[in-house]
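Here the structure comes first, spelled out in structure tokens, and everything after it is commentary.
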Amino acid sequence: MPATPPPLKSYVESWTPGPIMAEDPLPTGPVEAFSALLDLPGTAAEAGDPIPPLWHWFYFLTWPAQRDLGADGHPSHGHFLPPLPGRQRMWAGGRCEITEPLRLGEPAERVSSLGSITVKEGRTGEMLFVTERREFRQRGRVRLVEEQDIVYRSGRSAGQHPVALSESAVPRPADPWQLQLRPDPALLFRFSALTANAHRIHYDTPYVQRAEGYPGLVVHGPLLALLMLELPRRHSPEARVRSLSYRLRRPVFSGEHLAACGVPADDRAQLRVATHREDQHATAEVTFA
Ligand SMILES: C/C(=C\C(=O)SCCNC(=O)CCNC(=O)[C@H](O)C(C)(C)COP(=O)(O)OP(=O)(O)OC[C@H]1O[C@@H](n2cnc3c(N)ncnc32)[C@H](O)[C@@H]1OP(=O)(O)O)C(=O)O
């Protein structure tokens, strides 16, 4: 009889990574590149302009040596990567409080620290949620505080994601704000490059099907969050986002038609990503200043 695996908590009891600091001059190039990925008519921000909410994800990137990547293309070790055997990682959600937007082209500092570690029981067994807290400063002032929830599973075998991809239909939500997109491998590749992300689930179809059991390339969670935030940025450009939270609930796959859609109300908006399969692959709430 196979031995029962140890509980996930046992691997992280003595794991207490301390805070780390990084710097970035926030050049204009990554904002221009993501604007092009979104087919915007020009760049979303020039030097000195506020950086749109969460577009700071294209900065403070790290490039580990090739030899330090694991079989899944993700770094084998990292400051905030928990020491789980056969670690499988997904971005699960996050929050952001924006006191003042970061300004493009001005040097910034980021202090990252461990927020929390929580074990939860999901459909496929135990999951470890690791929350990383990131505080961003410019000109000596804290401008933005972000938390990212990353979910890890350990040693799961392939084939545990029983989603059959049929011919993807265009979703037709009734929400007043909408953005339609059909992510393809080229778009996912460009987003991986912009975020220095070599995780194979986003570009290696044989790997994602055989090793992780997904039916196709997985659309990045940060991309889904950014697509939801495009709605207030495009439809309500005068309203400044003060806080936001989002949750990634069910994966979207390359080739599927998705709709980011949203409903504004007073000082907030409810946002989501839908496909013909699911109404809520991702959800978000933003509040305006
Ligand atoms: C970049 C990058 C990686 C990626 O981009 S990966 C692709 C983007 N991410 C996704 O597509 C994730 C989609 N979500 C899921 O697959 C599932 O929601 C998830 C996170 C695996 C959990 O699914 P389950 O069905 O197993 O779990 P339940 O819904 O039954 O919930 C069980 C408890 O967990 C809590 N929980 C669930 N989701 C979240 C969340 N997003 N944030 C925080 N907590 C969550 C849920 O509340 C339940 O807790 P209770 O206390 O109520 O038991 C890269 O790697 O860099």
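In each ligand, atom 1 is the first atom listed, and ligand 1 is the first ligand listed. Please read these numbers as outputs of a predicted model, since none were measured by experiment.
- Considering backbone and side-chain atoms together, V252 places no N or O closer than 3.5 Å to any N or O of ligand 1.
- Between F34 and W55, the angle of the ring planes goes over 60°, which puts this pair in the perpendicular group of the 30/60° scheme.
- Among protein heavy atoms, the minimum distance from atom 31 (O) of ligand 1 is reached at M127 CE, 4.4 Å.
- Nearest non-hydrogen protein atom to atom 28 (P) of ligand 1 is G122 CA, 4.6 Å.
- Remark: the backbone N or O of A198 is paired with a side-chain donor or acceptor of Y203 at under 3.5 angstrom.
- Here the shortest heavy-atom distance to atom 4 (C) of ligand 1, taken over W91, Y152, W57, belongs to W91.
- Distance check for atom 18 (O) of ligand 1: a protein heavy atom is found below 4.0 Å.
- Within the structure, the closest approach of I150 to ligand 1 does not fall below 4.0 Å when heavy atoms are considered.
- Ring to ring, F60 and F136 are close: their centroids are under 6.0 angstrom apart.
- Screening L223, L244, L271 for a side chain to side chain contact (heavy atoms under 4.5 Å, CB included) with M228, the sole residue that qualifies is L271.
- Atom 5 (O) of ligand 1 has as its closest protein heavy atom G221 N, 2.7 Å.
- In terms of protein heavy-atom proximity, atom 55 (O) of ligand 1 is closest to R89 NE, 2.5 Å.
- Inter-residue side-chain proximity for E256 and R182 is flagged as unmet; no heavy-atom pair is nearer than 4.5 Å.
- Counting heavy atoms from C-beta on, the side chains of L54 and P222 never come closer than 4.5 Å.
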Side chain to side chain donor-acceptor pair (under 3.5 Å), that's the test. Do E146 and Q148 meet it? Break it down for me.
CA-CA 7 Å; E146 189 204 349; Q148 294 179 359; 3.0 Å; yes

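- By the criterion of a heavy-atom distance under 4.0 Å, the side chain of H202, and not its backbone, is placed next to ligand 1.
- Without hydrogens or angle criteria, S76 side chain to D68 main chain gives a donor-acceptor distance under 3.5 Å.
- Among protein heavy atoms, atom 53 (O) of ligand 1 sits closest to E121 O, 4.6 Å.
- From the protein, the heavy atom lying nearest to atom 11 (O) of ligand 1 is P251 CA, 3.4 Å.
- Counting only heavy atoms, the protein gets under 4.0 Å from atom 9 (N) of ligand 1.
- There is a side-chain donor-acceptor pair under 3.5 Å between E212 and Y207.
- Counting only N and O atoms by type, the side chains of T195 and H220 include no donor and acceptor under 3.5 Å apart.
- Distance from atom 23 (O) of ligand 1 to its nearest protein heavy atom, with residue and atom name: R250 NH1, 3.9 Å.
- Using a 4.5 Å heavy-atom threshold, the side chains of L179 and R234 count as touching.
- Residue V218 holds the heavy atom nearest to atom 7 (C) of ligand 1 of all those in N197, V218, V151.
- At under 3.5 Å, not a single nitrogen or oxygen of H220, backbone or side chain, sits near a nitrogen or oxygen of ligand 1.
- Numbered from 1 in the order shown, with element, the atoms of ligand 1 that lie under 4.0 Å from a heavy atom of P222 read 1 (C), 5 (O).
- The distance criterion of under 3.5 Å between nitrogen or oxygen atoms is met by L248 with respect to ligand 1.
- Between the choices R249, R247, M90, K120, the shortest heavy-atom distance to atom 39 (C) of ligand 1 belongs to R247.
- Counting only heavy atoms of the protein, atom 24 (P) of ligand 1 lies nearest to R123 NE, 3.7 Å.
- Inclusion of A92 in the set of residues having an N or O under 3.5 Å from an N or O of ligand 1 is warranted.
- T283 has its side chain out of reach of Y246: every pair of non-hydrogen atoms, C-beta onward, lies at least 4.5 Å apart.
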